Trainee: 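Here it is, the structure, as structure tokens.
Given the structure is predicted, the values throughout are model-derived calculations rather than measurements.
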Amino acid sequence: MRGTMKAPLLLCASLYLATFAAVPAGAQARPAAGAEQFAELGDFQLQNGGVIEEFRLGYRTLGTLNANRSNAIVWPTWLGGKSEDLLKFAGPGKVVDTTNYFVILVDALGNGISSSPSNSKKQPLMKFPRFGIRDMVETEHRLVTEVLHLAHLRAVMGISMGGMQTFEWVVAYPDFMDLAIPMAGSPQSTAYDKLLWTSQIDAIELDPAWNSGHPTGPLTRGFAVAEEIGQMNLTSPAYRVAHTTPGDFNAYLAELKKGAGGDGGLAWDYIRQREAIIALDIPAELGVSLPEVAKKVRARLLVIVSPQDHLVNPTPAQELAAAMGAPVITLDSPCGHVSLDCISVGPTVAKFLADPASLRTEILHDANKR
């Protein structure tokens, strides 16, 4: 995937098979590049006062730290995503070139790999406390400082909910990184965003098998409706009209519903991460207006948005970038939230990482726009 940025935000990438090199008896095996690892962080205190017991954070690393330990990049997952989904973006000649950077791919809190309602033994399902985007960042900061023993990062970057975490990083730890690249993310959920995520949660909870949060079986109907809501907002109306004829709609809908469904564990992972997005409001966290948030930021930002993004409204990201004078890469595509699938930004990201002063505000056009 040289020079491209494909972001399958609602689809899992192919499974990555981690292997380990043979080592002498008694020696500690080192994980292969990109293998899943876990940081055991003990009981984790949340911003709202709750506690996640025996917290584990999943992560993967690729590349090598340079001599002065200044080339590390943190890249957390999007909504429902897994760190394995990000492997395709990191490597020699890819979006983040691992011959130059030490890349840390992180499974965001609540994604089913890191501690989540679906895998917690002490706090399963609805017993798993609510958390926020800031809590995700705090777990990642502890990983970087306490486990990987890094005092500074070259960059933090992410797509969608990963972009939301990127915005939180730059205000929570403003001097900790040189650069930040939020892509299709936001520092604040708008009323439209909140309506979208709330409607998906409501769809799950209206499933006949929901049973007040203790499901009696698969939540097929709830997940199917939630998927319809998600797909309706994932791209633009123009994209759906161009790609699905009225005569093909029934087949399209059947295919959409075919994979929809899940148990209580998946449902609560789904709900808790969406609740975190609904609560996202960095200006309120800091007690300032959105333009005043810019005064808290020290890192250089490259903000990437799509005007037709119906899943994460781009306006707050655009307003913060304007207040900072940060370059904005606008993706002109009907692909909406998945415009990163339709327009290559890999070369732009690589250029910013190497020389941030070289980037200016720019519009990138979808060559296959229809």
Trainee: In Å and rounded to the nearest 0.5 Å, what is the CG to CD1 distance from Leu41 to Ile52?
Mentor: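 Reported value, rounded in 0.5 Å steps: 10.5 Å.
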Trainee: Provide the full list of disulfide (SG to SG under 2.5 Å) pairs with a residue in residues 127-187, sequence neighbours left out, each pair given once.
Mentor: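 Qualifying pairs, neighbours excluded: none.
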Trainee: The criterion is ring-ring contact (aromatic ring centres under 6.0 Å, His included); which residues satisfy it with Phe55, sequence neighbours excluded?
Mentor: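 For Phe55 the ring-ring contact (aromatic ring centres under 6.0 Å, His included) partners, ignoring immediate neighbours, are Phe44.
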Trainee: Partners of Gln273 by side chain to side chain donor-acceptor pair (under 3.5 Å), sequence neighbours excluded?
Mentor: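 With sequence neighbours excluded, Gln273 shows a side chain to side chain donor-acceptor pair (under 3.5 Å) to no residue whatsoever.
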Trainee: Under 3.5 Å, which donor-acceptor pairs link side chains of residues 100-114 to any protein atom two or more places apart or in another chain?
Mentor:
residue: Tyr101; atom: OH; partner: Leu353; partner atom: O; Å: 3.4
residue: Asp107; atom: OD1; partner: Ser83; partner atom: N; Å: 2.8
residue: Asp107; atom: OD1; partner: Ser83; partner atom: OG; Å: 3.4
residue: Asp107; atom: OD1; partner: Asn111; partner atom: ND2; Å: 2.9
residue: Asp107; atom: OD2; partner: Ser83; partner atom: OG; Å: 2.8
residue: Asn111; atom: OD1; partner: Ile113; partner atom: N; Å: 2.9
residue: Asn111; atom: OD1; partner: Ser114; partner atom: N; Å: 3.1
residue: Asn111; atom: ND2; partner: Gly81; partner atom: O; Å: 3.0
residue: Ser114; atom: OG; partner: Gly58; partner atom: N; Å: 2.8
residue: Ser114; atom: OG; partner: Asp107; partner atom: O; Å: 2.6

Trainee: With sequence neighbours excluded, give me every disulfide (SG to SG under 2.5 Å) pair touching residues 301-340.
Mentor: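 Output for this query lists Cys335-Cys342.
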Trainee: Got a donor-acceptor contact below 3.5 angstrom from the Thr139 side chain to the Met136 backbone?
Mentor: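 Between the backbone of Met136 and the side chain of Thr139 there is a qualifying donor-acceptor contact (under 3.5 Å).
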Trainee: So how far is it from Phe89 CZ to Lys94 NZ, rounded to the nearest 0.5 Å?
Mentor: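 Output value for this atom pair is 10.0 Å.
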Trainee: When you measure from the side chain of Asn71 to the backbone of Thr64, do you find a donor-acceptor pair of N or O atoms at a distance under 3.5 Å?
Mentor: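 Present.
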Trainee: So, does Gln165 use its side chain to make a donor-acceptor pair with the main chain of Met161 at under 3.5 Å?
Mentor: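 Yes; at least one donor-acceptor contact below 3.5 Å.
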Trainee: So, Lys121 and Glu53, do they make that salt bridge, N to O below 4.0 Å?
Mentor: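 Not counted as a salt bridge, because no side-chain N and carboxylate O are separated by less than 4.0 Å.
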Trainee: Using atom types as modelled and distance alone, determine if a side-chain donor or acceptor of His337 lies under 3.5 Å from a backbone N or O of Thr235.
Mentor: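 No; judged by distance alone, with no hydrogens or angles, the pair does not exist.
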Trainee: For Glu255, check salt bridge (charged side-chain N to carboxylate O under 4.0 Å, His left out) against everything at least two apart and list the hits.
Mentor: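 Result, salt bridge (charged side-chain N to carboxylate O under 4.0 Å, His left out) vs Glu255: Lys258.
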Trainee: If we only count heavy atoms from C-beta on, is the Ile329 to Leu359 side-chain gap below 4.5 Å?
Mentor: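 Yes, their side chains come closer than 4.5 Å.
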Trainee: Could you check whether any side-chain heavy atom of Lys127 comes within less than 4.5 Å of a side-chain heavy atom of Pro124, counting everything from C-beta outward?
Mentor: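 The answer is yes, as the side chains (C-beta and beyond) meet within the 4.5 Å cut-off.
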Trainee: Hey, are the side chains of Leu302 and Pro356 touching, using non-hydrogen atoms and a 4.5 Å cut-off?
Mentor: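 Not in contact.
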Trainee: Show me the pairs that pass side chain to side chain donor-acceptor pair (under 3.5 Å) and involve residues 284-297, at least two apart or across chains.
Mentor: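 Sorted pair list: Ser289-Glu292.
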Trainee: So, Asp202 side chain and Ser199 main chain: donor-acceptor pair closer than 3.5 Å or not?
Mentor: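 It does not hold such a pair.
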Trainee: Could you give me the CA-CA distance, side-chain angles and deciding distance for Glu168 and Tyr173, then say whether side chain to side chain donor-acceptor pair (under 3.5 Å) is met?
Mentor: CA-CA 8 Å; Glu168 283 278 14; Tyr173 298 98; over 6 Å; no
Trainee: I'd like to check Phe167 versus Leu280 (side-chain heavy atoms, cut-off strictly below 4.5 Å). Are they in contact?
Mentor: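 No, side chains not in contact.
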Trainee: What pairs of residues pass the ring pair (Phe, Tyr, Trp, His ring centres under 6.0 Å) test when at least one of them lies in residues 257-285, not counting sequence neighbours?
Mentor: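 As it turns out, the ring pair (Phe, Tyr, Trp, His ring centres under 6.0 Å) pairs with a partner in residues 257-285, which skip direct neighbours, are Trp210-Trp268, Phe223-Tyr270.
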Trainee: Output all residues satisfying salt bridge (charged side-chain N to carboxylate O under 4.0 Å, His left out) with Arg130, sequence neighbours left out; order by chain, then residue number.
Mentor: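 For Arg130 the salt bridge (charged side-chain N to carboxylate O under 4.0 Å, His left out) partners, ignoring immediate neighbours, are Glu275.
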Trainee: Under 30°, 30 to 60°, or over 60°: which ring-plane class applies to Phe249 and Tyr252, parallel, tilted or perpendicular?
Mentor: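 Tilted.
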Trainee: Does the pair Arg134/Glu138 count as a salt bridge with the N-to-O cut at 4.0 Å?
Mentor: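 A salt bridge is present here (some side-chain N lies under 4.0 Å from a carboxylate O).
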Trainee: With side chain to side chain donor-acceptor pair (under 3.5 Å) as the rule and sequence neighbours excluded, what pairs involving residues 298-307 come up?
Mentor: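 As it turns out, the side chain to side chain donor-acceptor pair (under 3.5 Å) pairs with a partner in residues 298-307, which skip direct neighbours, are Ser306-Ser339.
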Trainee: Quick check: closest heavy atoms across Gly264 and Pro215, and the distance to 0.1 Å?
Mentor: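 Reported closest heavy-atom pair: CA-CG, 3.5 Å.
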Trainee: Do Asp269 and Ser118 get their side chains close enough for a donor-acceptor pair, meaning under 3.5 Å?
Mentor: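 A donor-acceptor contact under 3.5 Å links the two side chains.
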Trainee: Going by the rule ring-ring contact (aromatic ring centres under 6.0 Å, His included), which residues pair with Trp197 if we only count those two or more places apart in sequence or in a different chain?
Mentor: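 Trp197: no ring-ring contact (aromatic ring centres under 6.0 Å, His included) contacts found.
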Trainee: Under the side-chain contact (heavy atoms from CB on, under 4.5 Å) rule, what do Thr190 and Asp193 come out as? Steps first, then yes or no, please.
Mentor: CA-CA 5 Å; Thr190 67; Asp193 299 323; 3.0 Å; yes
Trainee: Suppose we screen for salt bridge (charged side-chain N to carboxylate O under 4.0 Å, His left out). Which residues come up paired with Asp178, at least two apart in sequence or across chains?
Mentor: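 Partners of Asp178 by the salt bridge (charged side-chain N to carboxylate O under 4.0 Å, His left out) criterion, ordered by chain and then number, come out as Arg154.
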